[in-house]
Amino acid sequence: MGFNLIVEYGDAGYFSARQEIAEIIRTLGDDKAEVELLCPGHLGVKTKLNPRAIIEEIVDQYVRNPESISAMKKIIPVDNWCKTDISQIRSIIREDIKYMLSEKDKYNLSINTHTDSVNAEDLEREIRSIIKAEESDMPEKILRIDAFDNGVAITLMRPKDLFSR
């Protein structure tokens, strides 16, 4: 899929959220960013810019002027995409994520399914058998998995790497 940001939007709707994120990215220097609907309430964004730097700019903008961000509710960076197949998800967790979480790390697992192709409980059980870090409500890192009909986004991030209002 190639999207490196996921934007969650609410009542303001698709067009408002699409316009809001496109304008911000354009202002930051990418006139050719792609914004597409992943499923109702979620946009995928593909940009040449660093997704975490975009989120940092959005957080700064929101702090300066909270009314400047009205359509977007949450913005999440995406590190990996794979098919909606538990074996591929398991492979990414084992090969790319597992070694970035030591047993001393405190983390939070967030699984969001927007499709019937992935069972959240099975996936959670699978991930917990691989990751040996300590789960916490005050995590140092967040392992976030978003499953859509066309693919699964997997990200390991720090709490400051996402925007949520």
Side-chain angles (χ1 to χ4, degrees), residues 1-85 88-89 92-93 96-97 100-101 106-118 120 123-124 127 136-165:
M1 290 180 90
F3 299 117
N4 49 7
L5 287 170
I6 294 174
V7 175
E8 292 183 16
Y9 61 90
D11 295 338
Y14 165 82
F15 291 109
S16 296
R18 180 185 169 100
Q19 181 178 355
E20 195 169 75
I21 190 66
E23 181 59 33
I24 289 169
I25 291 173
R26 192 171 21 262
T27 301
L28 294 174
D30 186 356
D31 293 335
K32 297 182 180 184
E34 297 174 32
V35 182
E36 293 181 23
L37 183 68
L38 293 170
C39 71
H42 295 79
L43 299 172
V45 180
K46 183 177 183 180
T47 176
K48 67 181 182 181
L49 303 174
N50 179 320
R52 284 168 171 80
I54 291 170
I55 292 169
E56 188 176 322
E57 288 291 330
I58 289 170
V59 168
D60 288 347
Q61 179 179 331
Y62 186 74
V63 168
R64 286 189 311 273
N65 181 8
E67 294 169 5
S68 68
I69 308 292
S70 60
M72 299 181 293
K73 293 173 77 174
K74 190 175 281 189
I75 307 169
I76 302 131
V78 177
D79 296 328
N80 299 284
W81 279 96
C82 68
K83 293 181 181 175
T84 56
D85 175 69
Q88 287 196 14
I89 298 167
I92 288 174
I93 299 297
D96 297 340
I97 305 292
M100 291 190 272
L101 280 169
K106 290 180 174 49
Y107 88 108
N108 180 275
L109 176 61
S110 175
I111 299 174
N112 306 281
T113 56
H114 312 284
T115 180
D116 294 334
S117 302
V118 176
L123 183 56
E124 184 177 335
I127 291 169
S136 172
D137 291 335
M138 298 293 288
E140 299 161 343
K141 298 176 182 176
I142 300 167
L143 176 55
R144 181 169 170 123
I145 299 172
D146 286 271
F148 301 95
D149 285 335
N150 296 332
V152 176
I154 303 171
T155 302
L156 182 64
M157 63 188 155
R158 297 169 296 172
K160 73 174 198 156
D161 291 335
L162 66 91
F163 169 78
S164 182
R165 63 170 188 91

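- By the ring pair (Phe, Tyr, Trp, His ring centres under 6.0 Å) test, Phe3 is found to be paired with no residue, residues two or more places apart in sequence or in another chain being considered.
- Among pairs with a residue in residues 37-49, none fulfils salt bridge (charged side-chain N to carboxylate O under 4.0 Å, His left out), at least two apart in sequence or across chains.
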Donor-acceptor pairs are to be reported for all side-chain atoms of residues 4-14 against protein atoms at under 3.5 Å, with residues two or more places apart or in another chain.
residue : atom : partner : partner atom : Å
Asn4    : OD1  : Thr47   : N            : 3.2
Asn4    : ND2  : Thr47   : O            : 2.8
Glu8    : OE2  : Arg144  : NH2          : 2.7
Tyr9    : OH   : Gly41   : N            : 3.1
Tyr14   : OH   : Arg18   : NH1          : 3.1

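- For Lys141, the salt bridge (Lys or Arg N to Asp or Glu O under 4.0 Å) partners are Asp105, not counting sequence neighbours.
- Counting only residues at least two apart or on different chains, no salt bridge (charged side-chain N to carboxylate O under 4.0 Å, His left out) pair has a member in residues 29-39.
- For the ring-ring contact (aromatic ring centres under 6.0 Å, His included) condition, the pairs that include at least one residue of residues 18-58, sequence neighbours left out, are His42-His114, His42-Phe148.
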Just distance, no hydrogens or angles: give the donor-acceptor pairs under 3.5 Å from side chains in residues 152-159, sequence neighbours left out.
residue : atom : partner : partner atom : Å
Thr155  : OG1  : Pro77   : O            : 2.7
Thr155  : OG1  : Asp79   : N            : 3.3
Arg158  : NE   : Asp161  : OD2          : 3.4
Arg158  : NH2  : Asp161  : OD1          : 3.2

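- Annotation: side chain to side chain contact (heavy atoms under 4.5 Å, CB included) contacts of Ser68 (sequence neighbours excluded): Gln61, Asn65.
- When the salt bridge (Lys or Arg N to Asp or Glu O under 4.0 Å) test is applied to Glu67, no partner is found at least two apart in sequence or on another chain.
- Every residue two or more places apart in sequence or in another chain that forms a side chain to side chain contact (heavy atoms under 4.5 Å, CB included) with Asp149 is listed here: Thr115.
- Contact of the Ser70 side chain with the Glu20 side chain is registered, since non-hydrogen atoms from C-beta on lie closer than 4.5 Å.
- Screening residues 58-81 for ring-ring contact (aromatic ring centres under 6.0 Å, His included), with sequence neighbours left out, gives Tyr62-Phe163.
- For the 3.5 Å distance criterion, the side chains of Asn108 and Ser110 fail to qualify, holding no donor opposite an acceptor.
- Under the salt bridge (Lys or Arg N to Asp or Glu O under 4.0 Å) criterion, Arg165 pairs with no residue at all, not counting sequence neighbours.
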